[in-house]
Undergrad: 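Structure provided below as structure tokens; questions to follow.
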Amino acid sequence: MRAMSDQILDGKALAKTIRNQLRSRLETPADRPPGLAVLMVGDDPASAVYVRNKEKACQKVGIASFGRHFPTETTQGELETAIDALNQDDRVDGILVQLPLPAHLDAIALLHRIRPDKDADGLHPANLGRLVRNEEGLQSCTPAGVMRLLQEYDIDPAGKNAVVIGRSILVGKPLALMLLNANATPTIAHSRTADLAAVTRNADIVVAATGKPGLLTAEMVKPGATVVDVGINKVGDRLVGDVDFDGVREVASFITPVPGGVGPMTVAMLLYNTVWSWEKRMNSGRS
Ligand code: NAD
């Protein structure tokens, strides 16, 4: 039986609203526009699509792009030199290293090298530490996009059981902290969780971030729950999430589609973070 108010959490529409808000904020004349540098290494086709989307989105709102595309054989030293230059460049407010990187490179060391106040993806330990302490700071774009989507639809996590499936530093862990900071009671499930269905059935909010297509099925969801699908998986030539959308929408009251849910919100939050850093720098006179 379909839940009474089955409702799609429309990330595509909200991302557009956020872009429009940012664009109008940038209409006021300023010394310079915000600047974002996305660094990509190698030729991973999915990464190339993501980078192109990010640059197109920057263009739409009036953020200058300083991105660079490096060949696969680029060394750690060359990337460190590029990050150092961007750290010093006063036209740049955000720096992002597109993951995954080729295996010979140390991604963590590169993320640590980015100046925390230009860390557009919120993955520097200083920014993750701020999140742990519930202090203001740059926050990881995908989990921040999930939180913004919940807020838009008046889904207040306070007092709710929230289950995040996936414990990556990119999505699962920071999202569980954001839900905790919003007064939910979060649980993190992962590949070693003994009885995943027993955990998810207890959740008012379930977020799947595993990269396993069809992992979350209708029997695993409490009727009326909110279901957020972070997964992006290619199955044949279709893009699908981690949630069995057709089955789960029958029991959930809110659900994100893939595509058109969390993906566009990730890009919107990247733009938001860049403009946020820019405003801080402009206000402190470091234009
Ligand atoms: P990851 O591979 O780093 O982590 C996957 C997590 O899933 C792990 O913590 C693992 O323990 C858990 N997991 C794997 N199999 C499981 C199972 N059977 N049961 C329970 N838990 C299981 O991945 P990630 O970087 O966190 O990304 C997760 C997914 O989200 C991927 O599909 C990725 O493409 C997608 N993603 C989407 C966006 C977006 O903008 N929508 C952004 C980042 C990642």
Side-chain angles (χ1 to χ4, degrees), residues 8-15 18-19 38 40 44-54 56-57 96-101 103 107-108 111 120-123 128 139-150 162-179 186-203 206-217 219-221 227-235 238-245 248 255-273:
I8 300 295
L9 301 174
D10 189 344
K12 193 174 171 193
L14 178 56
I18 293 171
R19 282 199 306 272
V38 179
M40 177 174 165
D44 177 50
S47 293
V49 172
Y50 295 147
V51 170
R52 233 186 350 265
N53 285 345
K54 287 169 185 173
K56 268 199 259 170
L96 176 132
V97 177
Q98 184 67 39
L99 302 175
L101 291 174
I108 305 291
L111 296 179
D121 225 358
L123 295 177
L128 290 170
Q139 297 199 333
S140 182
C141 301
T142 301
V146 171
M147 296 304 289
R148 182 67 185 79
L149 201 48
L150 295 178
V163 172
V164 180
I165 318 172
R167 56 177 160 183
S168 73
I169 197 69
L170 190 64
V171 187
K173 277 187 201 168
L175 180 57
L177 285 165
M178 288 177 200
L179 287 161
T187 302
I188 305 183
H190 48 80
S191 54
R192 304 287 295 273
T193 295
D195 186 350
L196 182 62
V199 176
T200 57
R201 264 189 229 117
N202 195 31
V206 191
V207 184
T210 66
K212 299 279 178 274
L215 177 78
L216 191 77
T217 55
E219 314 77 68
M220 299 166 76
V221 175
V227 176
V228 177
D229 193 352
V230 176
I232 301 180
N233 310 294
K234 205 146 188 228
V235 175
R238 273 189 340 128
L239 270 193
V240 299
D242 297 348
V243 175
D244 169 23
F245 182 84
V248 169
I255 186 166
T256 60
V258 177
V262 177
M265 289 303 298
T266 297
V267 181
M269 297 319 286
L270 175 66
L271 305 177
Y272 177 90
N273 279 352

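FYI, side chains are in, hydrogens and waters are out, and symmetry mates aren't considered; it's all heavy atoms of this structure. This structure is a prediction, so every number in the text was calculated from the model and none was measured. Just follow the structure's listing: the first ligand is 1, and inside any ligand the first atom is 1.
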Undergrad: Numbering the atoms of ligand 1 from 1, which are under 4.0 Å from a heavy atom of T266?
TA: 39 (C), 40 (O)
Undergrad: Going through the checks in order, is the side chain to side chain contact (heavy atoms under 4.5 Å, CB included) test met by V262 and T142?
TA: CA-CA 7 Å; V262 177; T142 301; 3.7 Å; yes
Undergrad: Name the option, out of R192, M269, K212, H190, that contains the heavy atom nearest to atom 20 (C) of ligand 1.
TA: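 That would be H190.
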Undergrad: Among I188, V207, V206, which one satisfies side-chain contact (heavy atoms from CB on, under 4.5 Å) with I165?
TA: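 Exactly one pass, corresponding to V206.
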Undergrad: Should you measure from each heavy atom of I165, which atoms of ligand 1 turn up under 4.0 Å away?
TA: 20 (C), 21 (N)
Undergrad: From D242 CG over to N233 CG, what is the distance, rounded to the nearest 0.5 angstrom?
TA: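 So the gap between those two atoms works out to 5.0 Å.
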Undergrad: Non-hydrogen atoms of N233 versus ligand 1: any pair closer than 4.0 Å?
TA: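 It does, in that a heavy atom of N233 comes within the 4.0 Å cut-off of ligand 1.
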Undergrad: Apply side chain to side chain contact (heavy atoms under 4.5 Å, CB included) to the pair L179 and M147, showing each step before the final yes or no.
TA: CA-CA 8 Å; L179 287 161; M147 296 304 289; 3.8 Å; yes
Undergrad: Does A209 come within less than 4.0 Å of ligand 1, judged by its heavy atoms?
TA: yes
Undergrad: Which atom names give the shortest non-hydrogen contact between G145 and M265, and what distance separates them?
TA: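 Shortest heavy-atom contact: O-CE, 3.6 Å.
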Undergrad: If you take all heavy atoms of V163 and A203, which pair is closest and at what distance?
TA: CG2-CB, 3.5 Å
Undergrad: Considering G231, S168, P100, G166, which one's heavy-atom position lies nearest to atom 3 (O) of ligand 1?
TA: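 Considering heavy atoms of G231, S168, P100, G166, the nearest to atom 3 (O) of ligand 1 sits in S168.
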Undergrad: Using a plain distance cutoff, I'd like to know if G172 has any nitrogen or oxygen under 3.5 Å from a nitrogen or oxygen of ligand 1.
TA: no
Undergrad: Can you tell me how far apart NZ (K54) and CE (M40) are? Round to the nearest 0.5 Å.
TA: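 Here the interatomic distance stands at 10.5 Å.
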Undergrad: Under 4.0 Å, heavy-atom basis, I'd like to know which part of T142 is in contact with ligand 1: side chain, backbone, both or neither.
TA: side chain
Undergrad: Of the choices G11, G241, P143, S191, which has the non-hydrogen atom that lies closest to atom 22 (C) of ligand 1?
TA: S191
Undergrad: Quick check on contacts: which atoms of ligand 1 are under 4.0 angstrom from a heavy atom of G263?
TA: 40 (O), 41 (N)
Undergrad: If the cut-off is 4.0 Å to any non-hydrogen atom of R167, which atoms of ligand 1 fall inside it?
TA: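 Matching atoms, with element in brackets: 8 (C), 9 (O), 11 (O).
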Undergrad: Which one of V171, L239, D229, V258 has a non-hydrogen atom at the shortest distance from atom 27 (O) of ligand 1?
TA: V171
Undergrad: So, is D242 polar-close to ligand 1, with some N/O to N/O distance under 3.5 Å?
TA: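 No, no N or O pair falls under 3.5 Å.
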